[in-house]
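Before any comments, here is the structure.
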Amino acid sequence: MKPVPQTTSLRRAPVQRRSAERLTRILDACADLLDEVGYDALSTRAVAVRAGVPIGSVYRFFGNKRAMADALAQRNLERYTDRVTERLKETGGGGGWRAAVDAVLDEYIAMKRTAPGFSLVDFGNQIPIGSGHAEPNHRVADRLTDLLSGYLSREPDEDLRRTFLIAVETADSLVHLAFRVAPEGDEKVIEETRELLRAYLARVLD
């Protein structure tokens with residue numbers, strides 16, 4: 001079992017395996033209930049019941065549902081990064097930066113379609129969670145800059161970070177548009193997003 005990343009939303013980080021497994025069950029239950037009832041109707045008690053743990057176990061980790069959703073968003077980011085990393089390993093460096101952009105976009109679309117709770121929380125963009133300074137897209141852009149800079153043989157300097165932030169903000173808005181147009185994501189909007197990202201990034205990365 002992969003450990004849940006430690007985040008500032010956790011009151012107490014799990015130390016023992018049993019505690020880590022319980023935290024995983026809590027976050028899994030939170031994700032499932034977000035899909036079923038939405039964020040407004042989500043409650044810590046309902047999460048405890050779904051996870052099969054005492055309510056005290058939920059409050060041991062989280063002060064409220066907002067902190068719980070933020071931890072889920074952090075876990076989503078860790079899983080997304082892992083998925084992109086695996087895709088890049090599969091390409092073996094072939095395809096250049098365009099293959100890397102495809103991996104970044106394709107894995108985001110895949111999680112939008114399949115990951116429980118992702119449509120509401122994703123990386124923290126969809127509901128008002130975390131602090132006002134958390135800026136989820138900044139977190140995503142920084143993570144992708146650090147991940148892709150070595151693959152692209154570029155220094156992760158401020159120019160590259162700004163470039164990826166603009167790309168992430170653009171992709172985020174257009175992917176959400178695609179899923180408003182069609183429940184599974186409108187393919188034409190997704191492909192237009194891909195072409196737009198390639199055209200913008202070519203100016204910097206070619």
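Heavy atoms only: backbone and side chains are in, while hydrogens, waters and symmetry mates are out. For clarity, every value in this text was computed on a predicted model and none was experimentally measured.
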Identify which one of Asp206, Leu148, Asp102 satisfies the side chain to side chain contact (heavy atoms under 4.5 Å, CB included) criterion when paired with Trp97.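 Of the listed residues Asp206, Leu148, Asp102, the side chain to side chain contact (heavy atoms under 4.5 Å, CB included) partner of Trp97 is Asp206.
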Quick check on side chain to side chain contact (heavy atoms under 4.5 Å, CB included): which of Val168, Val140, Val175 does Tyr108 satisfy it with?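 Of the listed residues Val168, Val140, Val175, the side chain to side chain contact (heavy atoms under 4.5 Å, CB included) partner of Tyr108 is Val175.
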Quick one: pull up [atom1] in [X] and [atom2] in [Y] and give me the separation to the nearest 0.5 Å.
| X | Y | atom1 | atom2 | value |
| --- | --- | --- | --- | --- |
| Leu77 | Arg79 | CG | CZ | 12.0 Å |
| Thr81 | Glu86 | OG1 | CD | 12.0 Å |
| Thr163 | Leu144 | OG1 | CG | 13.0 Å |
| Thr85 | Tyr151 | OG1 | OH | 11.5 Å |
| Ile190 | Glu184 | CD1 | CD | 9.5 Å |
| Leu165 | Thr145 | CG | OG1 | 8.5 Å |

Using the rule given for salt bridge (Lys or Arg N to Asp or Glu O under 4.0 Å), can you reason through Lys188 versus Glu191, listing the C-alpha separation, both sets of side-chain angles and the distance that settles it, and then say yes or no? CA-CA 5 Å; Lys188 290 184 178 180; Glu191 287 311 306; over 6 Å; no
Output yes when a side-chain donor or acceptor of [X] lies under 3.5 Å from a complementary backbone atom of [Y], and no otherwise.
| X | Y | value |
| --- | --- | --- |
| Arg25 | Ala51 | yes |
| Arg87 | Val104 | no |
| Lys65 | Tyr39 | yes |

Hydrogens and angles aside, do Arg154 and Ser149 bring a side-chain donor and acceptor to less than 3.5 Å of each other?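 Side chains of Arg154 and Ser149: no pair found under 3.5 Å.
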If we ignore angles and hydrogens, is there a donor and acceptor under 3.5 Å between the side chains of Arg113 and Ser119?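 Arg113 vs Ser119: no donor-acceptor pair found between side chains.
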Taking C-beta and beyond as the side chain, do Ile26 and Phe62 meet within less than 4.5 Å on heavy atoms?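 Sidechains of Phe62 and Ile26: in contact.
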For a 4.5 angstrom cut-off between non-hydrogen side-chain atoms, does Cys30 reach Arg50?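 Cys30 vs Arg50: side chains apart.
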Starting from the C-alpha separation in whole Å, work towards a yes-or-no answer on side chain to side chain donor-acceptor pair (under 3.5 Å) for Arg75 and Thr24. CA-CA 10 Å; Arg75 188 177 75 168; Thr24 295; 4.9 Å; no
hydrophobic_cluster_shared for [Y] and [X], side chain cutoff 4.5 Å:
| X | Y | result |
| --- | --- | --- |
| Val84 | Leu205 | yes |
| Met111 | Val101 | yes |
| Leu201 | Leu174 | no |

So does Glu192 have more than 12 non-hydrogen atoms from other groups sitting under 6.0 Å from CD?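 Check fails, neighbour count at 12 or below.
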Do you know which two heavy atoms are closest between [X] and [Y], and how far apart they sit?
| X | Y | answer |
| --- | --- | --- |
| Leu197 | Ala171 | CD1-CB, 4.0 Å |
| Asp35 | Gly117 | OD2-N, 3.0 Å |
| Asp172 | His176 | OD1-CE1, 2.7 Å |
| Val189 | Ala178 | CG1-CB, 3.7 Å |
| Asp186 | Ala182 | N-CB, 3.8 Å |
| Thr170 | Ile166 | OG1-O, 2.8 Å |

Can you list the steps and then say if Glu78 with Arg143 is a side-chain contact (heavy atoms from CB on, under 4.5 Å)? CA-CA 9 Å; Glu78 296 296 330; Arg143 185 65 65 87; 3.1 Å; yes
Only pairs under 3.5 Å count here: list side-chain donor-acceptor contacts from residues 42-49, not counting sequence neighbours, and write none if there are none.
{"unit_1": "Ser43", "atom_1": "OG", "unit_2": "Ala46", "atom_2": "N", "d": "3.0"}
{"unit_1": "Thr44", "atom_1": "OG1", "unit_2": "Tyr59", "atom_2": "OH", "d": "2.8"}

Would you please indicate yes or no on a ring centroid separation below 6.0 angstrom for Phe118 and Phe123?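 Judged by ring-centre distance (under 6.0 Å), Phe123 and Phe118 do meet the cut-off.
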Taking 4.0 angstrom as the limit, do Arg162 and Asp157 come out as a salt bridge?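 Here Arg162 does not pair with Asp157 in a salt bridge, since their nearest N and O are not under 4.0 Å apart.
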Identify whether the distance between the nearest side-chain nitrogen and carboxylate oxygen of Lys112 and Glu107 falls below 4.0 Å.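 A salt bridge is absent here (no side-chain N lies under 4.0 Å from a carboxylate O).
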